[in-house]
K.L.:
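I have a structure here, written as structure tokens, and I will follow up with some questions on it.
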Amino acid sequence: MSVEVVVIPAAGRGTRMRPATRSVPKALITVIDRPTIQYAVEEAARAGVTEAVLVVNLDAANDIEHHFIDEGPLPGLENTRIRMVVQEEPHGLGHAVLTAREAVGDRRFFCGLGDMIAPPTASFYQRLEEAAAGGSAVAVKEGVEDYYDRYGIVSVSRSLDDGVVEMNAAVEKPGREAAPSNLWLVGRYLFGPDVFDHLSALKPGHGDEIQLTDAINAVAAAGQCRGVVLEDDLLDVGNPLDLLKASTVLGLLSDEFGKDYRAFLDGLG
Ligand code: G1P
């Protein structure tokens with residue numbers, strides 16, 4: 001059966017987005033006309049997902065619930081059930097995903113980080129599902145510049161067709177010397193429920209946090225994880241400069257505003 005549920009971790013404190021996040025939850029920072037987390041739910045809905053589990057922190061829970069639920073469903077999300085689970089303590093991304101365990105149950109699930117927005121019509125989940133062959137799959141990109149300190153990096157045992165690789169390990173922000181490849185995790189994943197067992201067995205890793213990448217490492221070591229090498233760029237909205245760039249890219253791609261916005265930018269010289 002195809003995957004019906006997505007977990008969207010959105011409990012981060014947004015320290016890179018201060019001072020905005022003194023009063024606005026990171027997930028509700030706006031790009032053009034909607035909060036970043038809405039893009040993540042919309043992308044999953046485009047892939048046919050009918051249930052989104054948003055992992056939020058206690059401070060942000062009411063505002064995020066208000067956005068998605070209180071005034072009724074948002075256009076395009078009428079067929080997506082949205083539920084909230086609260087991560088009470090900030091113990092890392094892996095811990096946030098583990099918080100969704102009860103809501104997901106024994107189903108396979110997608111996971112998508114709201115810090116990375118997909119281009120408007122793209123959805124990478126379908127490619128993950130095709131590549132996973134019943135196991136797990138993660139989307140990766142070839143790195144340029146300082147990716148090995150910023151992202152999780154995967155280790156490849158074999159290349160298959162169509163940009164799909166078999167993996168045998170993954171490591172969180174290993175640094176240049178220890179990076180096992182130039183392929184970094186972009187924040188789109190497909191997991192089986194077994195990942196929860198791995199997550200619950202983990203000790204704190206990089207940054208003294210429970211790392212999702214360490215659970216991916218365990219799944220990959222068991223030969224159950226494939227990587228899908230993406231050509232497309234996702235747009236990082238987790239820090240001010242990249243947020244500005246993402247706003248520009250999405251502004252130019254917008255059906256409603258793209259033409260006027262381009263004319264405005266051209267006029268700046
Ligand atoms: C997280 C993950 C990392 C991944 C990145 C993608 O890191 O831990 O493996 O590459 O998202 O954005 P963070 O950005 O939360 O530091």
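Values below: every heavy atom of this structure, side chains too, minus hydrogens, waters and symmetry copies. In this chain, numbering begins with 1 at the start of the sequence shown. What you are looking at is a predicted structure, and each value in this text was computed from that prediction instead of being measured. When a ligand or atom number is given, it counts from 1 through the structure's own listing order.
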K.L.:
Using a 4.0 Å heavy-atom cut-off, say whether Lys141 meets ligand 1 through its side chain, its backbone, both or neither.
P.N.:
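Lys141 to ligand 1: no contact under 4.0 Å from either part.
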K.L.:
Assign the ring pair Trp184 / Tyr151 to parallel, tilted or perpendicular, where the plane angle (0 to 90°) is split at 30° and 60°.
P.N.:
parallel
K.L.:
Quick one, Phe264 with Phe257, criterion ring-ring contact (aromatic ring centres under 6.0 Å, His included). Give me CA distance, side-chain angles, the key distance, then yes/no.
P.N.:
CA-CA 10 Å; Phe264 167 74; Phe257 306 117; over 10 Å; no
K.L.:
Which residue and non-hydrogen atom of the protein lie closest to atom 5 (C) of ligand 1, and at what distance in Å?
P.N.:
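Sorting protein heavy atoms by distance from atom 5 (C) of ligand 1 puts Tyr151 CD2, 3.8 Å first.
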K.L.:
Can you check whether Cys111 reaches Val97 side chain to side chain, under 4.5 Å on heavy atoms?
P.N.:
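They are in contact (side-chain heavy atoms under 4.5 Å apart), so the answer is yes.
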K.L.:
Side chain, backbone, both or neither: which applies to Thr213 and ligand 1 if a contact is any heavy-atom pair less than 4.0 Å apart?
P.N.:
side chain
K.L.:
Test your reading of the structure: does Leu93 have an N or O sitting under 3.5 Å from an N or O of ligand 1?
P.N.:
no
K.L.:
Is there a chain of hydrophobic side chains (I, L, V, M, F, W, Y, each step under 4.5 Å between heavy atoms) that links Val104 to Val41?
P.N.:
no
K.L.:
Test your reading of the structure: does Lys173 have an N or O sitting under 3.5 Å from an N or O of ligand 1?
P.N.:
yes
K.L.:
With a cutoff of 4.0 Å, is Arg16 in contact with ligand 1, counting heavy atoms of the residue only?
P.N.:
yes
K.L.:
Counting neighbours of CG on Asp146 that are heavy atoms of other residues, nucleotides or ligands and sit closer than 6.0 Å, is the number greater than 12?
P.N.:
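Enclosed: over 12 neighbouring heavy atoms sit under 6.0 Å from CG of Asp146.
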K.L.:
Say whether Asp115 and ligand 1 are in contact under the criterion: heavy-atom distance to a ligand atom below 4.0 Å.
P.N.:
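In this structure, Asp115 fails to qualify as a contact of ligand 1 - no heavy atom is under 4.0 Å.
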K.L.:
As an exercise, identify every atom of ligand 1 less than 4.0 angstrom from a heavy atom of Gly152.
P.N.:
3 (C), 4 (C), 9 (O), 10 (O)
K.L.:
Looking only at protein heavy atoms, which one is nearest to atom 10 (O) of ligand 1, and how far off is it?
P.N.:
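Sorting protein heavy atoms by distance from atom 10 (O) of ligand 1 puts Leu185 O, 2.6 Å first.
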K.L.:
Under 3.5 Å between some N or O of ligand 1 and some N or O of Glu172?
P.N.:
yes
K.L.:
At under 4.0 Å between heavy atoms, is it the side chain or the backbone of Leu113 that contacts ligand 1, or both, or neither?
P.N.:
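Answer for Leu113: side chain.
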K.L.:
Salt bridge (Lys or Arg N to Asp or Glu O under 4.0 Å), that's the test. Do Arg150 and Asp236 meet it? Break it down for me.
P.N.:
CA-CA 12 Å; Arg150 287 180 67 183; Asp236 193 340; 3.2 Å; yes
K.L.:
How close do Ile82 and Phe68 get, heavy atom to heavy atom, and via which atoms?
P.N.:
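For Ile82 versus Phe68, the nearest heavy atoms are CD1-CD2, 3.4 Å.
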K.L.:
Can you name the closest pair of heavy atoms from Tyr189 and Ile216 and give their distance?
P.N.:
CE2-CD1, 3.5 Å
